[in-house]
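Below: the structure, in structure tokens.
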Amino acid sequence: MSSWLDYTINGLIVGNVYALVAVGLALIFGVSRLINFAQGSIYLVGAYIGWVAVVQLHTPLPLTIIVVAVAAAIVGLIIERFGLRPLQNSVRIAPLLATIGISFVLDQLVMLTFSPNPRALPSQLPDVRFQVGGGTIGPLDLLIAGVGLTSALLLFVFLRYTKLGWAVRATAQDRDAAMQMGVDVNRVNQAVFGIAAALGGVSGLLVGMYYNQIDTAMSLQATLKGVVAEVVGGAGNVPGAVIGSLLLGLVESYGVAVFGTSYRNLFAFLLLVVVLVLRPNGLFASARQAPPEPLTGTFIAPSRPVRIPRWALLVAAGIFAILPFFPVSFYVLQTLINAWLLGMLALSLTLVAGTVGQVSLGHAALLAIGAYTSALLSLTLNVPVGLAIIGGGLMSAALGTLLISPSFRLRGHYVSIATLAIGEIVSLVILNWESVTRGPIGISGIPPLSLFGYDLISPNSIYWFSFAVMVVLALLQGRLLTSHLGRSFRAIRDDDIAARAYGVSLNRYKSLAFIFGGFAAGVSGGIAAHLYSYINHETFNTQQSILALTVVILGGLGNVVGAIVGAVALVGLPEVFRIAAEYRILIYGIVLLLLVRFRPQGLLGTM
Amino acid sequence: MSNIDRRSLVKGSLAAMMAGAAISRAAFAQSSEPILLGVSGPLTGPNAQYGTQWKQGFDLALDEIQAAGGINGRKLAYQFEDSQSDPRQSVAIAQKFVSDPRIVMELGDFSSPASMAASPIYQRGGLVQFGFTNSHPDFTKGGDFMWSTSVSQADEQPLLASYAVRRLGLKKLAVLHLNTDWGRTSRDYFVNAAKEYGAEIAITEGYIAEERDFRSTLVRVRDANPDGLILISYYSDGALIARQARQVGLKQVICAASSVYSPKFLELGGDAVEDVHVGTRYFPEDPRPEVQKFIAGFKKKYNGLEPDAFNAYAYDAMNMAAAVVRIGGADRKAIRDAFTKVKDVPSVIFGAATFDVATRRVKGAMNAELVVRKGQFALWDGKPT
């Protein structure tokens, strides 16, 4: 029984670690309504600055903390001034995407400067430990808890009792009204970014000392856990973020206690989904916060889509169709095959995110469901590959829609967070459901693509097959969008309350969109499974979901041709930059930032 | 004779000139253009550190190969393409390599999904895919162009089990393993062997690669009351587990798989990894000349940096590739066949390495029983800790 005390203490300790990240995220969300995906990268920068201070300059701990806080704050101010402020009057999605681009750039800069090898970041506190329960607690544990709680408390006081704090809160409630009342909104944003970045940097330092190691891959995990903790607590609520973090730590710890280590993150993300379904604004959302307007079209840029004449599309399709007759290398064809597969995923996402306004960050789960279904059907039941892929599409449509349906009642950012969680849950179920999915060993020996008994193994035939499937799906989707159904979808996106008032059943139409989109994504996953011949739980990961979202936004939300153009561009760009080796992701991040800056509505505009 | 008109004379001499040019170009290629290997591996993304370590090992091996006169007078070189260990990118790289006639064989990729997704392309393209970190049991089943010097876990884990159970006398074990294809396969081989040697497995816990917090896992371990902890981990997570095990008050003997063998394990683990036992495939004090040459060369080239296991795999892989190319020349199929012919290639990991033609893997990893003493890996002297 005494072990429960230990599990509780451990949960609270790791919860404190999460809190350090979550508080910064909450502060930024509170003011800018922005999930700052670069927060994890600032945390990374803080950890490495701390390493330089401790290991190279031998600064004492208080000075280390000050150095890190100031340096990270400067990074935050630079991000705010040059990365985000120019996007102030553009669509909501633009700053979100910009933070993703910034995180690529920061992570790569740190990696290029310090090499990707992990480093030891020694704790500067004495190594004494106090016996608590069956375990022990050290001074660093207490310092982390102290920093987490103190910063939350200080922020609370700052927001409630200082003039700048009032300005922050006023801006958070209604940006335009605050501006009219004479609040310097830019200064508020700067202050918030500086504070959040300082907190993020210090958290990287402390967490690095806590584990005695830092590495350049730590930023994405930090962001993920921080976002979960923040949303559980109520996005934008600083004390809520602390409580959400502690709760997350406890749930993980108890999850490990009862079910074992491999289920750990499963419970973290289940907690998130449950909280979102029961209390869509988090546990401690402040009731007085005005909801953002418009409610679901948050991400949509008002723009005139670029109309591409039908003949031009036909010519382009014709050129791509006869491409293998020209002397192009198989490498180019394989790259285009990847583009067509990503194009199918992007069609799926552009429908649900662009046309219906349900931004999904867990779309790779649909790929995984389709891939596993198709692989298992053809391997264990000897279903012909062509039919198995269709089976994969149908399973993705059915199961995917069923899994995502709890998020139908959510709005704005919460939809994307819920789908992010569902994506992680699917991946963790695949890892743990060994009797069906073979767990971490994965599925190998998946039969190659074939159609009516003919194996499609030459790059040419795979190219034609995947291109044809994508074109058919795109034509169907184009037809769908011009129909009555398409208009209902856009009505939900533009104003769900008005749509409901006109008798549009939100859940039913959202389901229809996810069914259609799930099918396209599932087919893409199915083809990939037979193309690769081996898949495991890591084949379709979060990065794939983020890539798909980037494609869709790049092409123009809801834009069918845009999704395909975006897929070709984003599969092609890293390949073009291949000669740049270690620098290519850095270049890719910068290109992404420039695109967001100068063309936030996407290359072809929103439909 | 007079029938020979000027035109045909011109034609003939032109043809002769072109043939001459072709021959001289071929001769030129023979003499100075390097024999090129393709490498598909991570230089960016979450596994970037391993790609960096590969390069260090490759470059050292190439320096030595070039100094010894290269491959029959030609230089050996590699072209490293960054796959991020992502299957989508590794298949594109595979097509690139297969259709590039300069590439004579391929090394990599790092992870199983990335490597095995590319296997069908290499197999159909008739280009050897030489995976040297690919311990997935199905990797070499991809076809007769898939070869591997990755140590089979079927070989290695019984050696670790023997170290823990027979030599250290541990009877009740807790196994913590990375929940990947490698960790899972290793765990199964370890558990079977340990049971065979008479030990009881009290608990096994799989964790994901991104995991940083193991305190609650270790409470579970404590409650299972084992007398030894077995870590099937990489060096960074292995060091984390050891630290946190000591922090939550576990004092049991820790015994770790060779994959933690790295100076980084000592740096990241600090005092907590003192007395940790490691069954390893090589260690610096091994008097074998190939090991000493490798370590001395590595330290010289990289300013005193200590090499680790991944550096050694890459170094061995490049030397193996050189040995194979020496027999097979620049012909892809001949290179495939050469894998069946190479014998006793000097290597850090295997000693004299020879492929088992049936499994297309190398058998007989060396095993040394190490223990961390005073912050250094040392040969275990047989005394209990």
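In this text the structure is predicted, and so the values were computed from the model without any measurement. Reminder, nothing fancy here: chain letters follow the sequence lines and each chain counts from 1.
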| said: Counting only non-hydrogen atoms closer than 4.5 Å, does A:Val14 touch chain B with its backbone (N, CA, C, O), its side chain (CB onward), both, or neither? | reply: side chain

| Just checking heavy atoms, which of residues 212-220 of chain B are less than 4.5 Å from chain A? | B:Arg212, B:Asp213, B:Arg215, B:Ser216, B:Thr217, B:Val219, B:Arg220

| chain B contact via A:Asn212 - which portion, at a heavy-atom distance below 4.5 Å | both

| query | Between A:Gln131 and chain B, which part of the residue has a heavy atom less than 4.5 Å away: side chain, backbone, both or neither? | reply | neither

| remark: Ranked by heavy-atom pairs below 4.5 Å to chain B, first place among A:Leu431, A:Ile9, A:Leu333, A:Leu112 goes to A:Leu431

| note | Closest non-hydrogen atoms of B:Pro46 and A:Gln543, given as atom of the first, atom of the second and distance, are CD-NE2, 4.1 Å

| query | Side chain, backbone, both or neither: which part of A:Ala217 has a non-hydrogen atom closer than 4.5 Å to chain B? | reply | side chain

| With chain A, which of B:Pro87, B:Gly249, B:Gly270, B:Ser99 has the greatest number of heavy-atom pairs at distances under 4.5 Å? | B:Pro87

| request: Please flag which part of B:Leu240 lies under 4.5 Å from any non-hydrogen atom of chain A: side chain, backbone, both or neither. | output: both

| task | Side chain from CB out, backbone as N, CA, C, O: work out which of these in A:Glu538 comes under 4.5 Å of a heavy atom of chain B, or both, or neither. | result | side chain

| note | Correct closest heavy-atom pair for B:His136 and A:Ile441 would be NE2-O, 2.8 Å

| said: Please classify the contact of A:Thr539 with chain B as side chain, backbone, both or neither, using a heavy-atom distance under 4.5 Å. | reply: both

| request: Hey, could you give me the CD1/CD distance between A:Ile337 and B:Gln95, rounded to the nearest 0.5 Å? | output: 7.0 Å

| query | Counting distance only, does the side-chain N/O of B:Lys264 pair as donor-acceptor with the main-chain N or O of A:Asn117 below 3.5 Å? | reply | no

| A:Pro574 versus chain B, the contacting section by heavy-atom distance below 4.5 Å | neither

| request: Could you note down all residue pairs passing side-chain hydrogen bond (donor to acceptor under 3.5 Å, both in side chains) where residues 229-246 of chain B supplies at least one of them, sequence neighbours left out? | output: B:Gln49-B:Tyr235, B:Tyr207-B:Ser233, B:Tyr207-B:Asp237

| message | Under 4.5 Å from any heavy atom of chain B, what part of A:Ile457 do you find: side chain, backbone, both or neither? | response | both

| task | Please round to the nearest 0.5 Å and tell me the distance separating atom OG of A:Ser262 and atom NE2 of B:His177. | result | 7.5 Å

| A:Phe259: partners by ring pair (Phe, Tyr, Trp, His ring centres under 6.0 Å), with sequence neighbours left out | A:Phe267

| field | Under 4.5 Å from a heavy atom of chain B, the part of A:Arg119 involved | value | both

| task | Please report the closest heavy-atom contact between A:Gln334 and B:Ala92, naming both atoms and the distance. | result | CG-CA, 3.5 Å

| Which portion of A:Glu252 sits near chain B, non-hydrogen atoms under 4.5 angstrom | neither

| message | Can you tell me which of A:His537, A:Arg438, A:Met218, A:Arg264 forms the most heavy-atom pairs within a distance under 4.5 Å of chain B? | response | A:Arg264

| field | Heavy-atom pair of closest approach, residues A:Gln213 and B:Ala239 | value | NE2-CB, 4.4 Å

| query | Given that the side chain runs from C-beta out, which part of A:Asn265 has a heavy atom under 4.5 Å from chain B: side chain, backbone, both or neither? | reply | side chain

| message | Sub-4.5 Å heavy-atom contacts with chain A: which residues of residues 117-124 of chain B show up? | response | B:Ala117, B:Pro120, B:Ile121, B:Arg124

| query | Measuring heavy-atom distances to chain B, does A:Ile535 have an atom under 4.5 Å in its side chain, in its backbone, in both, or in neither? | reply | neither

| note | Heavy-atom nearest pair, A:Met111 first then B:Leu43, reads SD-O, 4.2 Å

| field | Gap between atom OH of A:Tyr532 and atom OG of B:Ser115 - 0.5 Å precision | value | 13.5 Å

| Using non-hydrogen atoms only, which part of B:Asp223 is less than 4.5 Å away from chain A: side chain, backbone, both, or neither? | side chain

| Can you tell which of A:Tyr263, A:Tyr254, A:Phe330 has the highest number of heavy-atom pairs within less than 4.5 Å of chain B? | A:Phe330

| request: Output the option from A:Gly445, A:Gly11, A:Ala120 having the highest count of non-hydrogen pairs under 4.5 Å with chain B. | output: A:Ala120

| task | With a 4.5 angstrom heavy-atom cut-off, could you sort out which part of B:Ser112 is near chain A: side chain, backbone, both or neither? | result | both

| When rounded to the nearest 0.5 angstrom, what distance separates OG in A:Ser329 from NZ in B:Lys96? | 8.5 Å

